Amino acid sequence: MCTVSFVYTQGKMIITSNRDEKVIRPAALQPKYYAVQQKSVWYPKDPQGGGTWFAVDTHSTVIVLLNGAIAQHKTKPTYRKSRGLILLELIGNESPIQAWEAIDLEDIEPFTLVLLQHHYLYQLQWDGTFKITTPLDTSQAYIWSSVTLYPPPIQKQRETWFSAFLDTQPEVDAHELFHFHRYTEASNTTNGLVINREERYKTVSITQAVIDQNKITLKYADLIAAHEYAHNFIAI
């Protein structure tokens, strides 16, 4: 839940997410469809919390979760609900952005969401006290790194890697973006795009959604089990 990028290229919107987790956390369940508040939603499931970090519905809505908001925070022993369940509550709503405006986040750990809804892009943050809603320009490319694992200097460094990659790929495609997320700074196991911090924290999976008009292409790579999953469907 810790590195996310967005690129609009060749008429396609591409969101790619690397999930970094403690190795002791149970492995995620392979993505499949679930009924969420009367909507069909595709997502890989976290068996520990029951939620997810990446979800796509049949209306081409995509929501991706990163831990933390603007700055590093002090974690409490318990919270009212997991952030992965908050994500599902939002995407299950007819309008996730309106649900975001109304939802009560008291006693929820800080987080950031990247929301793509009706071809509008938003950064949504909860810092433990306030919600911050930031509309974004879909003609621009973005990369986010979770503040819980990557301090500001490292975030800036990763933004530099991303900019350099895009400069060399003027017509970047989904495959190249997936490759960027999988292999950039591969020898840097502390702060590269795929990490392994002393066998405690690892990048465990990469998930990607490609929105091409009314076609949605989804790809999921479990890096621990060395298994890939792909699925295509037509948006309603």
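Predicted model, so just to flag it, every value in this text is computed and none were measured. In this chain, residues are counted from 1 in sequence order.
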Undergrad: Measure the SG-CZ distance between Cys2 and Arg19 for me, rounded to the nearest 0.5 Å.
TA: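 Nearest 0.5 Å value for the SG-CZ distance: 9.0 Å.
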Undergrad: Can you confirm if the NZ or CZ of Lys219 lies within 45° of the ring axis of Phe178 and under 6.0 Å from the centre of its six-membered ring?
TA: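 Yes, a cation-pi geometry holds between Lys219 and Phe178.
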Undergrad: Go through it in stages, so that I can follow the logic: the residues are Arg83 and Glu109, the test is salt bridge (charged side-chain N to carboxylate O under 4.0 Å, His left out), and I'd like the CA-CA distance, side-chain angles, deciding distance and then a yes or no.
TA: CA-CA 7 Å; Arg83 293 164 290 192; Glu109 190 168 4; 3.3 Å; yes
Undergrad: So, Asn18 and His181: side-chain donor and acceptor under 3.5 Å apart, yes or no?
TA: yes
Undergrad: Given the rule in the ring-ring contact (aromatic ring centres under 6.0 Å, His included) test, do Tyr229 and His227 qualify, once you have shown the distances and angles that lead to the verdict?
TA: CA-CA 7 Å; Tyr229 169 95; His227 174 74; 7.5 Å; no
Undergrad: Decide whether Trp144 and Gln155 meet the rule of one side-chain donor and one side-chain acceptor closer than 3.5 Å.
TA: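 No, because no side-chain N or O of Trp144 sits under 3.5 Å from a partner of the opposite role on Gln155.
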Undergrad: Considering the options Arg80, Lys76, Lys81, which one meets the salt bridge (charged side-chain N to carboxylate O under 4.0 Å, His left out) requirement together with Asp107?
TA: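 Only match with Asp107 under salt bridge (charged side-chain N to carboxylate O under 4.0 Å, His left out): Lys76.
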Undergrad: Suppose the criterion is salt bridge (charged side-chain N to carboxylate O under 4.0 Å, His left out): which pairs have a residue in residues 110-132, not counting sequence neighbours?
TA: none
Undergrad: If you define the side chain from C-beta out and look only at heavy atoms, does anything of Val4 sit under 4.5 Å from Ile15?
TA: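 Side chain of Val4 against side chain of Ile15, heavy atoms only: contact under 4.5 Å found.
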Undergrad: Taking the six-membered ring where the residue is Trp, are the ring centres of Tyr34 and Tyr43 under 6.0 Å apart?
TA: yes
Undergrad: Would you check if there is a donor-acceptor pair between the side chains of Thr3 and Arg158 at a distance under 3.5 Å?
TA: yes
Undergrad: Any side-chain donor-acceptor pair under 3.5 Å between Ser95 and Gln117?
TA: yes
Undergrad: Output every pair passing salt bridge (charged side-chain N to carboxylate O under 4.0 Å, His left out) with a member in residues 49-63, not counting sequence neighbours, ordered by first then second residue.
TA: Lys39-Asp57
Undergrad: Are Tyr8 and His119 close enough that their ring centers fall under 6.0 Å?
TA: no
Undergrad: Measure the OG-CD distance between Ser17 and Gln208 for me, rounded to the nearest 0.5 Å.
TA: 10.5 Å
Undergrad: Leu223 and Ile206: side chain to side chain contact (heavy atoms under 4.5 Å, CB included), yes or no, with the steps?
TA: CA-CA 8 Å; Leu223 302 184; Ile206 303 174; 4.2 Å; yes
Undergrad: Going by atom types only, do Thr189 and Asn196 share a side-chain donor-acceptor pair under 3.5 Å?
TA: no
